[in-house]
Amino acid sequence: MKRLYLASGSPRRRELLTQIGVPFCAVSADIDETPLAQESPSAYVERLARGKAEAGRGSVVSDEPFCVLGADTAVVLDGKILGKPVDQADACAMLMMLSGCEHEVLTAIAVLDGERCESRVVTSRVRFRDISREEAVAYWASGEPQDKAGGYGIQGLGAVFVAGLDGSYSAVVGLPLCETAELLGHFGIPCWQPRNAHQATF
Ligand SMILES: Cc1cn([C@H]2C[C@H](O)[C@@H](COP(=O)(O)OP(=O)(O)OP(=O)(O)O)O2)c(=O)[nH]c1=O
């Protein structure tokens, strides 16, 4: 079986991949995340996921065949990409924009080996309840929004803002597990499968 490298510094992505029983090694994948002019959010996350997988491949030293998985998540409101907040004012402004309405979370995944690269974009819709400025300030002080797209974490304290989700919860957290398992399968990397449960020892 080919060894899998996860090109990510995100602890969430490591936890999610561990959750579906895939052995992997994490490598860093620092790339420029500036959107291109006129680039759609979907094209943007897909380009970054592929770019992270490519960057990850560059840091692997191996004589054996291997695959690299990269991913990127963006929060999108009315077609505008909200990245990670740079400071408290930025984070509060983002939450105020997201307050009381629905936004999209786009997560792209890309898997490559020595021959090809395949990618997918998963779109989810998240609805927020009304959020007061005081709540936004207090949320920033919790330390949670700092390293997260859109300035919130659905898996953490940010869950109290989430009135509804239509799509993939794991994709919002950073890695769409259903689609990731499927894509890895195309590269001969097995994840936990109900039909293989009697063989698996996780
Ligand atoms: C919306 C949302 C995002 N996030 C996180 C997922 C991603 O880690 C991050 C989006 O930034 P990304 O640039 O996708 O990822 P990253 O910089 O954290 O990690 P790497 O590029 O090394 O893989 O926001 C949550 O943890 N919870 C959420 O609810």
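Residue numbers count from 1 along this sequence. Values below: every heavy atom of this structure, side chains too, minus hydrogens, waters and symmetry copies.
One hydrophobic cluster holds both Val173 and Ile20 under the rule that ILVMFWY side chains link at heavy-atom gaps under 4.5 Å. Grouping the Ile, Leu, Val, Met, Phe, Trp and Tyr side chains by contacts below 4.5 angstrom, directly or via other members, places Val162 with Val75. With hydrophobic clusters built from ILVMFWY side chains whose heavy atoms lie under 4.5 angstrom apart, Val121 does not share a cluster with Tyr169. Hydrophobic cluster membership differs between Ile31 and Ile109, with clusters built from Ile, Leu, Val, Met, Phe, Trp and Tyr side chains linked at under 4.5 angstrom. Ile154 and Val76 fall into different hydrophobic clusters, where Ile, Leu, Val, Met, Phe, Trp and Tyr side chains are chained together by heavy-atom contacts under 4.5 Å.
In this structure, Val45 and Leu106 approach most closely via the heavy-atom pair CG1-O, 3.8 Å. Here the closest heavy-atom approach between residue Thr73 and residue Gly174 is recorded as OG1-CA, 3.5 Å. Heavy atoms only, all atoms of each residue included: Ala49 and Ala71 are closest at CB-CA, 3.9 Å. Of all non-hydrogen atoms in Tyr139 and Gly153, the two that sit nearest each other are OH-N, 3.0 Å. Leu69 and Ala53 get closest at one heavy-atom pair: C-CB, 4.5 Å. When every heavy atom of Arg3 is checked against every heavy atom of Cys25, the shortest pair comes out as NH1-SG, 3.3 Å.
Cluster note: Val60 groups with Tyr5, Val27, Phe66, Val68, Leu112 through ILVMFWY side-chain heavy atoms spaced under 4.5 Å, whether in direct contact or through intervening members.
Taking OG from Ser99 and CZ from Phe161, the interatomic distance works out to 9.0 Å, rounded to the nearest 0.5 Å. Rounding to the nearest 0.5 Å places SG of Cys191 at 10.0 Å from CG of Leu183. Rounding to the nearest 0.5 Å gives a distance of 6.0 Å between CD of Gln155 and NZ of Lys148. Taken from OG in Ser170 to CG in Leu17, the straight-line distance is 11.0 Å, to the nearest 0.5 Å. Expressed to the nearest 0.5 Å, how far OG of Ser59 lies from CD of Glu54 amounts to 11.5 Å. Of the inter-residue distances, the one linking Thr180 atom OG1 with Ile189 atom CD1 reads 11.5 Å to the nearest 0.5 angstrom.
Here the side chain of Ser28 pairs no donor or acceptor atom with the backbone of Asp30 at under 3.5 angstrom. Judged purely by atom type and a 3.5 angstrom limit, Asp113 uses its side chain to pair as donor or acceptor with the backbone of Arg116. Judged by distance alone, the side chain of Thr107 and the main-chain N or O of Leu175 form no donor-acceptor pair under 3.5 Å. Proximity of a side-chain donor or acceptor of Glu144 to a complementary backbone N or O of Gly158 within less than 3.5 Å is detected.
A 4.5 Å side-chain heavy-atom check between Leu177 and Gln19 finds at least one atom pair inside the cut-off. Side-chain contact check for Leu165 versus Ser124: some heavy-atom pair is nearer than 4.5 Å.
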| task | Apply side-chain contact (heavy atoms from CB on, under 4.5 Å) to Met94 and Lys84, showing your working. | result | CA-CA 10 Å; Met94 281 186 197; Lys84 296 173 189 167; over 6 Å; no

| request: Determine, step by step, whether Leu77 and Cys101 satisfy the side-chain contact (heavy atoms from CB on, under 4.5 Å) criterion, reporting the C-alpha distance in whole Å, the side-chain angles of both residues, the deciding distance to 0.1 Å, and the verdict. | output: CA-CA 9 Å; Leu77 181 68; Cys101 56; 4.2 Å; yes

| request: Could you go through the side-chain contact (heavy atoms from CB on, under 4.5 Å) check for Trp140 and Leu95 one step at a time? | output: CA-CA 10 Å; Trp140 173 260; Leu95 274 191; over 6 Å; no

| When you look at Leu82 and Leu98, which way does the side-chain contact (heavy atoms from CB on, under 4.5 Å) test go after all the steps? | CA-CA 10 Å; Leu82 305 184; Leu98 298 175; 3.9 Å; yes

| task | Could you give me the CA-CA distance, side-chain angles and deciding distance for Thr34 and Asp32, then say whether side-chain hydrogen bond (donor to acceptor under 3.5 Å, both in side chains) is met? | result | CA-CA 6 Å; Thr34 312; Asp32 181 2; 2.6 Å; yes

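Shown here is Asp78, whose CG atom has no more than 12 heavy atoms of other residues, nucleotides or ligands within 6.0 Å. Within a 6.0 Å sphere centred on CZ of Arg120, other residues, nucleotides and ligands contribute more than 12 heavy atoms.
For residues 82-119, the ring-ring contact (aromatic ring centres under 6.0 Å, His included) pairs, not counting sequence neighbours, are His103-Phe128, His103-Tyr152.
Remark: Arg129 engages Glu135 in a salt bridge (charged side-chain N to carboxylate O under 4.0 Å, His left out) (not counting sequence neighbours).
Annotation: cation-pi geometry not satisfied between Arg14 and Phe24 (NZ/CZ under 6.0 angstrom from ring centroid, within 45° of ring axis).
A salt bridge does not link Glu15 with Arg12: every distance from a Lys NZ or Arg NE/NH1/NH2 to an Asp or Glu carboxylate oxygen is 4.0 Å or more. The pair Glu39-Arg47 counts as a salt bridge, with a side-chain nitrogen and a carboxylate oxygen less than 4.0 angstrom apart.
The closest side-chain donor-acceptor pair between Glu104 and Thr123, if any, does not fall under 3.5 angstrom.
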